[in-house]
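Here is the structure we will look at.
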Amino acid sequence: MKSALFILLTAILTENFVLCKFLGICPFLGVSKKLNTAVGMSGAVIFVMALATAVTYPINKYLLVANDLEYLQTIVFILVIAALVQLVELILKKFMPPLYNALGIYLPLITTNCAVLGVVLLNITKEYGFVDSILNSVGAGLGFMLAMVIFSGVRSRLEGCDIPKFLQGLPIVLISASIVSLSFMGFTGLVENIFA
């Protein structure tokens with residue numbers, strides 16, 4: 001149980017894909033303006049990350065590694081992720097049209113969201129087993145959601161501020177994102193000390 005909790009907390013806090021590894025920045029900056037779209041996008045990313053890991057793990061272990069085809073991992077994983085995103089897109093379009101419309105172009109961009117591919121490849125690099133890979137993927141997705149929700153709050157506060165003209169728009173958004181990112185660096189020692 002200790003290692004499972006460690007994997008989960010590490011993925012959420014100390015190895016946050018958006019704020020520490022800087023993966024998945026496109027949806028992070030594009031969809032974090034409103035809380036409901038940030039949560040909706042995060043839910044879709046969590047689902048795709050967990051499902052992509054569940055599908056790619058056996059493909060990698062029993063097909064690619066077994067036949068000495070590891071060099072095809074990236075291509076195969078991208079194809080699997082693209083198929084899963086299409087599935088999520090169909091589900092949202094059918095059952096949640098307002099969320100589907102609110103996410104707009106950012107929903108198909110989950111296919112090229114490097115955080116999804118990054119978590120799948122990181123599971124292989126860290127040599128996690130199947131259960132640990134799923135835990136890491138869910139943790140990474142929850143970390144993505146945490147970053148999106150926090151930054152959504154920051155951006156809503158920025159709307160009411162008197163920002164100098166030269167910082168308005170993207171510059172103040174990037175400065176704010178860097179400050180939020182810096183705040184997550186403090187979790188590194190905390191998580192390591194808890195499980196030391």
Side-chain angles (χ1 to χ4, degrees), residues 7-8 11-12 15-65 69-126 128 130-152 155 173 177:
I7 290 170
L8 211 55
I12 294 170
E15 292 185 7
N16 188 292
F17 272 80
V18 177
L19 300 175
C20 297
K21 295 188 182 296
F22 308 108
L23 299 173
I25 296 295
C26 178
F28 176 69
L29 294 176
V31 187
S32 61
K33 290 179 185 172
K34 294 186 179 180
L35 181 62
N36 60 345
T37 55
V39 171
M41 171 61 97
S42 300
V45 168
I46 292 170
F47 179 75
V48 170
M49 279 183 173
L51 202 55
T53 297
V55 172
T56 58
Y57 183 86
I59 289 173
N60 182 59
K61 185 172 183 177
Y62 301 113
L63 183 66
L64 300 178
V65 173
L69 299 170
E70 291 97 340
Y71 61 92
L72 293 174
Q73 285 173 337
T74 305
I75 295 169
V76 170
F77 294 168
I78 288 173
L79 291 173
V80 168
I81 291 166
L84 293 174
V85 169
Q86 290 299 313
L87 176 69
V88 169
E89 196 170 355
L90 289 172
I91 290 169
L92 287 179
K93 191 174 186 179
K94 174 112 175 127
F95 297 108
M96 294 181 240
L99 179 60
Y100 174 80
N101 293 330
L103 293 175
I105 188 65
Y106 294 101
L107 186 59
L109 285 178
I110 294 175
T111 302
T112 58
N113 185 342
C114 49
V116 178
L117 180 61
V119 76
V120 173
L121 292 173
L122 185 70
N123 290 334
I124 293 167
T125 304
K126 289 193 171 192
Y128 285 147
F130 182 76
V131 174
D132 289 344
S133 293
I134 297 293
L135 274 173
N136 187 51
S137 299
V138 170
L142 291 172
F144 183 85
M145 179 181 272
L146 178 65
M148 293 283 281
V149 168
I150 288 172
F151 200 59
S152 173
R155 288 186 77 173
V173 170

Response to the item:
Correct closest heavy-atom pair for T53 and P58 would be O-CD, 4.4 Å
Item to complete: Please report the shortest heavy-atom distance between A52 and V120, naming the atom on each side.
Response: CB-CG2, 4.1 Å
Practice prompt. Please report the C-alpha distance between D132 and L135 in whole Å, then the side-chain angles of each, then the deciding distance to 0.1 Å, and finally whether the side chain to side chain contact (heavy atoms under 4.5 Å, CB included) criterion is met.
Written response: CA-CA 5 Å; D132 289 344; L135 274 173; 4.3 Å; yes
Worksheet item: Shortest non-hydrogen contact from V138 to A50?
Response: CG2-CB, 4.1 Å
Worksheet entry | Set of side-chain contact (heavy atoms from CB on, under 4.5 Å) partners for L117, sequence neighbours left out | T74, F77, I78, I81, L121
Worksheet item: Who pairs with F17 by ring-ring contact (aromatic ring centres under 6.0 Å, His included), at least two apart in sequence or on another chain?
Response: none
Worksheet item: Closest approach of N136 and A11, non-hydrogen atoms and distance?
Response: OD1-CB, 3.5 Å
Discussion item. Would you compute the distance between atom NZ of K61 and atom OG of S133 and round it to the nearest 0.5 angstrom?
Written reply: 10.0 Å
Worksheet item: According to the ring-ring contact (aromatic ring centres under 6.0 Å, His included) rule, which pairs have a member within residues 27-62, sequence neighbours left out?
Response: F28-F151, Y57-F130
Worksheet, complete the sentence: Sorted by chain and residue number, the side chain to side chain donor-acceptor pair (under 3.5 Å) partners of S32 (sequence neighbours excluded) come out as R155
Item to complete: Output, in order, the C-alpha distance, side-chain angles, deciding distance and verdict of side chain to side chain contact (heavy atoms under 4.5 Å, CB included) for L51 and L87.
Response: CA-CA 11 Å; L51 202 55; L87 176 69; 4.3 Å; yes
Item to complete: Compare all side-chain heavy atoms of E70 with those of V65 and state whether any distance is below 4.5 angstrom.
Response: yes
Practice prompt. For a side-chain contact (heavy atoms from CB on, under 4.5 Å) with C114, tell me which candidate from V119, I25, L23 qualifies.
Written response: L23
Discussion item. I need the N101 CG to M96 CE distance, nearest 0.5 Å.
Written reply: 13.0 Å
Worksheet item: Is there a donor-acceptor contact under 3.5 Å from the side chain of N60 to the main chain of T56?
Response: no
Response to the item:
Closest heavy-atom pair, M49 versus A115, reported as atoms and distance to 0.1 Å, is CE-O, 3.6 Å
Enumerate, atom names and distances included, each donor-acceptor pair closer than 3.5 Å involving a side-chain atom of residues 141-149, sequence neighbours excluded.
none

Worksheet item: Can you find a heavy atom in the side chain of L69 that is under 4.5 Å from one in the side chain of V76?
Response: no
Fill in: Set of residues satisfying side-chain contact (heavy atoms from CB on, under 4.5 Å) with respect to L63, sequence neighbours excluded
I59, N67
Discussion item. Test of understanding: with side chain to side chain donor-acceptor pair (under 3.5 Å), list the residues that count as partners of N16, not counting sequence neighbours.
Written reply: none
Worksheet item: Got a sec, which residues hit salt bridge (Lys or Arg N to Asp or Glu O under 4.0 Å) with K126, two or more places apart in sequence or on another chain?
Response: E15
Response to the item:
Nearest heavy-atom approach of A44 to V88 is CB-CG1, 4.0 Å
